[in-house]
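Below: the structure, in structure tokens.
FYI, the numbering just counts along the sequence from 1. These numbers were taken from a predicted model, which means no experiment stands behind them.
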Amino acid sequence: WGLRLCAIDPATASDTVSAIMVNDGMDANDVIKDAYHRYGVSLGGGLGAVAGKVFRIGHLGWLNEAMVLQALGGAEMAMCDAGIAFTPGSGVGAAVSYFTEHRAAKMMAAE
């Protein structure tokens, strides 16, 4: 998406949530509200110093590929609605590529 994660150091990044920084002058709460009210996707908000600056995508527990794509697609539609500049489909497309490439590799390894 051309946006950065809030966690700068991969060693301290969470395994259960990704906090995505929005561009200066944008309000992450607009993305969160639109995702929920328009698309039925629940995103988390930033806390403390990053309130309004990040939206969070949770990935704790059992998730399949379609569930991840739903979250990414809902976030992308809400980012479009909020006026965030990015290439629509870039996050969903990257996830589809990752999932299909890794599935093919797993299938080849099992043969």
Side-chain angles (χ1 to χ4, degrees):
W1 292 329
L3 303 173
R4 67 179 182 84
L5 294 173
C6 185
I8 297 170
D9 181 3
T12 60
S14 173
D15 290 336
T16 60
V17 67
S18 295
I20 295 97
M21 303 286 296
V22 297
N23 299 324
D24 289 338
M26 305 303 297
D27 188 348
N29 292 317
D30 292 337
V31 176
I32 295 162
K33 290 175 192 170
D34 286 344
Y36 183 75
H37 292 291
R38 293 183 179 175
Y39 308 112
V41 173
S42 294
L43 303 174
L47 306 172
V50 294
K53 298 178 182 179
V54 304
F55 63 90
R56 296 178 297 129
I57 299 175
H59 37 84
L60 175 67
W62 184 84
L63 296 171
N64 64 28
E65 292 90 345
M67 295 164 83
V68 172
L69 295 173
Q70 177 188 16
L72 294 174
E76 286 195 12
M77 290 188 293
M79 290 190 310
C80 285
D81 293 344
I84 294 176
F86 75 104
T87 301
S90 58
V92 172
V96 168
S97 294
Y98 178 86
F99 291 145
T100 56
E101 289 168 14
H102 284 77
R103 176 172 291 129
K106 284 182 185 179
M107 290 174 65
M108 289 176 64
E111 292 177 348

Legend entry - side-chain contact (heavy atoms from CB on, under 4.5 Å) partner of C6, the single match among V17, V54, I20: V54
Specify the closest pair of heavy atoms between [X] and [Y], including all atoms of both residues, with the distance to one decimal.
{"X": "V31", "Y": "A75", "value": "CG1-O, 4.4 Å"}
{"X": "D30", "Y": "A82", "value": "CB-CB, 4.1 Å"}
{"X": "G74", "Y": "A35", "value": "O-CB, 4.3 Å"}
{"X": "D34", "Y": "A78", "value": "CB-CB, 3.9 Å"}

Side-chain heavy atoms of [X] within contact of [Y], under 4.5 Å:
{"X": "L72", "Y": "I57", "answer": "yes"}
{"X": "L3", "Y": "M21", "answer": "no"}
{"X": "W1", "Y": "I84", "answer": "no"}

Inset, instruction - Classify the side-chain pair H59/S18 by whether it contains a donor and acceptor separated by less than 3.5 Å. - result: yes
Quick check on the hydrophobic clustering: are [X] and [Y] connected, directly or via other members, by side-chain heavy-atom contacts under 4.5 Å?
{"X": "I32", "Y": "F86", "answer": "yes"}
{"X": "L63", "Y": "V92", "answer": "yes"}
{"X": "L5", "Y": "F55", "answer": "yes"}

Legend entry - Exceeds 12 heavy-atom contacts within 6.0 angstrom, atom CG of D24: no
Counting only N and O atoms by type, is there a donor-acceptor contact under 3.5 Å from the side chain of [X] to the main-chain atoms of [Y]?
{"X": "E76", "Y": "G91", "value": "yes"}
{"X": "N23", "Y": "M26", "value": "no"}
{"X": "R56", "Y": "A19", "value": "no"}

Inset, instruction - Can you measure from CD (Q70) to CG (N64) and round to the nearest 0.5 angstrom? - result: 9.5 Å
Legend entry - Rounded distance [0.5 Å steps], CZ in R38 versus SG in C80: 11.0 Å
Inset, instruction - Could you check F99 against V68 for side chain to side chain contact (heavy atoms under 4.5 Å, CB included), going step by step and ending with a plain yes or no? - result: CA-CA 10 Å; F99 291 145; V68 172; 3.9 Å; yes
Inset, instruction - Check ring pair (Phe, Tyr, Trp, His ring centres under 6.0 Å) between Y98 and all other residues, then give those that pass, not counting sequence neighbours. - result: H102
Legend entry - side chain to side chain contact (heavy atoms under 4.5 Å, CB included) between Y39 and D81, worked out: CA-CA 11 Å; Y39 308 112; D81 293 344; 2.7 Å; yes
